[in-house]
Amino acid sequence: LRRLDIGRRVLSAFLLIPILTGVLVVGGPAATYVLVSIASVLGLREFYRMTLPGQGFAGKIARMFLGALLCAAFYWGGFQVVVVVLCMTVILLFIGQMVSDEDLTAVPGRIGIGLLGMVYIPLLLSHLILVHRFPNGLAWVLVLVTGIWVGDTFALLVGSLWGRHKLWPTISPKKTIEGLVGCILGAIISTLVFKWVFLHVMTVQTAIVIGCGLAVLGQLGDICESVIKRGAHVKDSGTLIPGHGGMLDRLDSLLFTSPFLYYLLTYVL
């Protein structure tokens, strides 16, 4: 069963990554914006289904709309507009709870979860839109996506073959320290390949730093999503992608690594 699961995940990735790459090449930054918006809305849908199971349909739709609006602010406006949308989101979340018929004792928790979903998914993921605006932006986006995928694949293989020491057994019992080492190795190899083939301006040292950051933050993002799923008593956030679970199960690594790569490119490189 473990080998079958690995095979399904690898096969799904082999099918999805060429499609994703083709869309990004043809569509440019606009395609990144559209993909990020769709992924954010689907991720928010799964997040609120897990964290607010009793929430009404209208409330969930409104939150998903605000998430899409936040992605649009990144693409069309910039950080000042993003702050405006976040402020508006806080106000609207309060108003939404005031006009609802739900138990008022649950209002602080519901507002907090609503705001967390906005910050956790569309705010973090939308940094991918900004990465695509850099010179060689498409290459940097593919460095991120491919590095995470190769790292995850190495983590699965190494962890399955040699994994003995649990990384965080109380939250993610299948992850091992050996798998993390494999993930770091795979992400570094992937980043170095991009450096030698597409991004000659990137030094070997920079490639290693990026590979390590993608691997460690990607695994951390995966573990943090597992915290949410354990709290909601579910195995996967959804069943959207065969062998991979839901959209949020695929986004979890991108959520922490997208801001990492953007701010590294902005303030360090």
Side-chain angles (χ1 to χ4, degrees), residues 29 32-100 102 104 106-133 144 217-218 220-232 234 236-238 240 245-263:
T32 302
Y33 160 61
V34 172
L35 290 174
V36 165
S37 299
I38 294 173
S40 294
V41 169
L42 293 176
L44 283 173
R45 173 177 173 270
E46 295 173 355
F47 176 81
Y48 291 131
R49 186 170 57 190
M50 291 189 294
T51 58
L52 295 173
Q55 179 71 36
F57 179 74
K60 292 179 181 178
I61 290 295
R63 288 179 173 87
M64 290 160 61
F65 172 77
L66 288 172
L69 190 62
L70 189 57
C71 295
F74 269 90
Y75 183 72
W76 298 103
F79 280 119
Q80 288 184 325
V81 180
V82 168
V83 173
V84 171
V85 173
L86 284 175
C87 292
M88 184 179 67
T89 297
V90 174
I91 296 171
L92 291 177
L93 287 174
F94 270 99
I95 294 175
Q97 291 298 318
M98 289 166 57
V99 301
S100 70
E102 297 170 354
L104 292 180
V107 166
R110 291 184 179 277
I111 292 175
I113 292 173
L115 187 59
L116 173 61
M118 298 295 164
V119 174
Y120 176 52
I121 300 175
L123 180 68
L124 295 181
L125 188 63
S126 291
H127 283 78
L128 202 59
I129 299 171
L130 304 180
V131 170
H132 203 151
R133 290 179 175 172
L144 178 64
L217 289 174
L220 180 62
D222 196 323
I223 292 172
C224 289
E225 195 227 351
S226 295
V227 172
I228 298 172
K229 291 190 291 187
R230 284 194 169 275
V234 296
D236 294 316
S237 65
L240 183 64
M247 177 59 71
L248 192 54
D249 292 318
R250 289 298 87 207
L251 293 181
D252 52 16
S253 297
L254 288 170
L255 297 178
F256 288 1
T257 53
S258 297
F260 160 74
L261 183 58
Y262 171 73
Y263 292 114

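Nothing fancy with the numbering, it's 1 onward along the sequence. In what follows, every heavy atom counts, from backbone to side chain, and hydrogens, waters and symmetry copies are set aside.
- The shortest heavy-atom contact between Tyr120 and Ile228 is CE2-CD1, 3.7 Å.
- The side chain to side chain contact (heavy atoms under 4.5 Å, CB included) test applied to Val90 returns Phe94, Leu115, not counting sequence neighbours.
- Taking CD1 of Ile121 as the reference point, atom CG of Leu42 lies at 10.0 Å (rounded to 0.5 Å).
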- Message: side-chain contact (heavy atoms from CB on, under 4.5 Å), that's the test. Do Leu116 and Phe47 meet it? Break it down for me.
- Response: CA-CA 10 Å; Leu116 173 61; Phe47 176 81; 3.9 Å; yes
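- Side-chain contact check for Leu130 versus Phe79: some heavy-atom pair is nearer than 4.5 Å.
- Using a 4.5 Å cut-off on side-chain heavy atoms (C-beta onward), Asp249 and Lys229 make contact.
- Here CG of Leu52 is found 7.0 Å from NZ of Lys60. Values are rounded to the nearest 0.5 Å.
- Interatomic distance, CG of Leu92 versus CZ of Phe65, reported as 9.5 Å (0.5 Å rounding).
- Annotation: the span from Ile223 atom CD1 to Arg230 atom CZ amounts to 11.5 Å, rounded to 0.5 Å.
- The minimum heavy-atom distance between Gly218 and Ser253, with the atom names listed, is O-OG, 3.2 Å.
- To the nearest 0.5 Å, the span separating CG on Asp222 from CZ on Arg250 amounts to 7.5 Å.
- Taking the side chain to side chain contact (heavy atoms under 4.5 Å, CB included) definition, one finds that Leu123 meets it with Leu70, Phe74, Val82, Leu86, Val119, sequence neighbours left out.
- Residue Gly43 comes nearest to Leu248 through the heavy atom pair O-CD2, 4.4 Å, listed as atom of the first residue, atom of the second, then distance.
- Sorted by first then second residue, the side chain to side chain donor-acceptor pair (under 3.5 Å) pairs that include residues 32-41, not counting sequence neighbours, are Thr32-His132.
- Ser258 has its side chain within reach of Leu144: a pair of non-hydrogen atoms, C-beta onward, lies under 4.5 Å apart.
- Partners of Ala68 under the side chain to side chain contact (heavy atoms under 4.5 Å, CB included) rule, at least two apart in sequence or in another chain, are Val41.
- Take Tyr262 and apply the ring-ring contact (aromatic ring centres under 6.0 Å, His included) test, not counting sequence neighbours, and it matches His127, Phe134.
- Of the inter-residue distances, the one linking Met118 atom CE with Leu44 atom CG reads 5.5 Å to the nearest 0.5 angstrom.
- Across all non-hydrogen atoms, the minimal contact from Met247 to Glu46 is N-OE2, 2.8 Å.
- The heavy-atom pair separating Gln97 from Ile111 by the smallest distance is CG-CG1, 3.7 Å.
- Listed by chain and number, the residues in a side chain to side chain contact (heavy atoms under 4.5 Å, CB included) with Val81 are Ala73, Val85 (sequence neighbours excluded).
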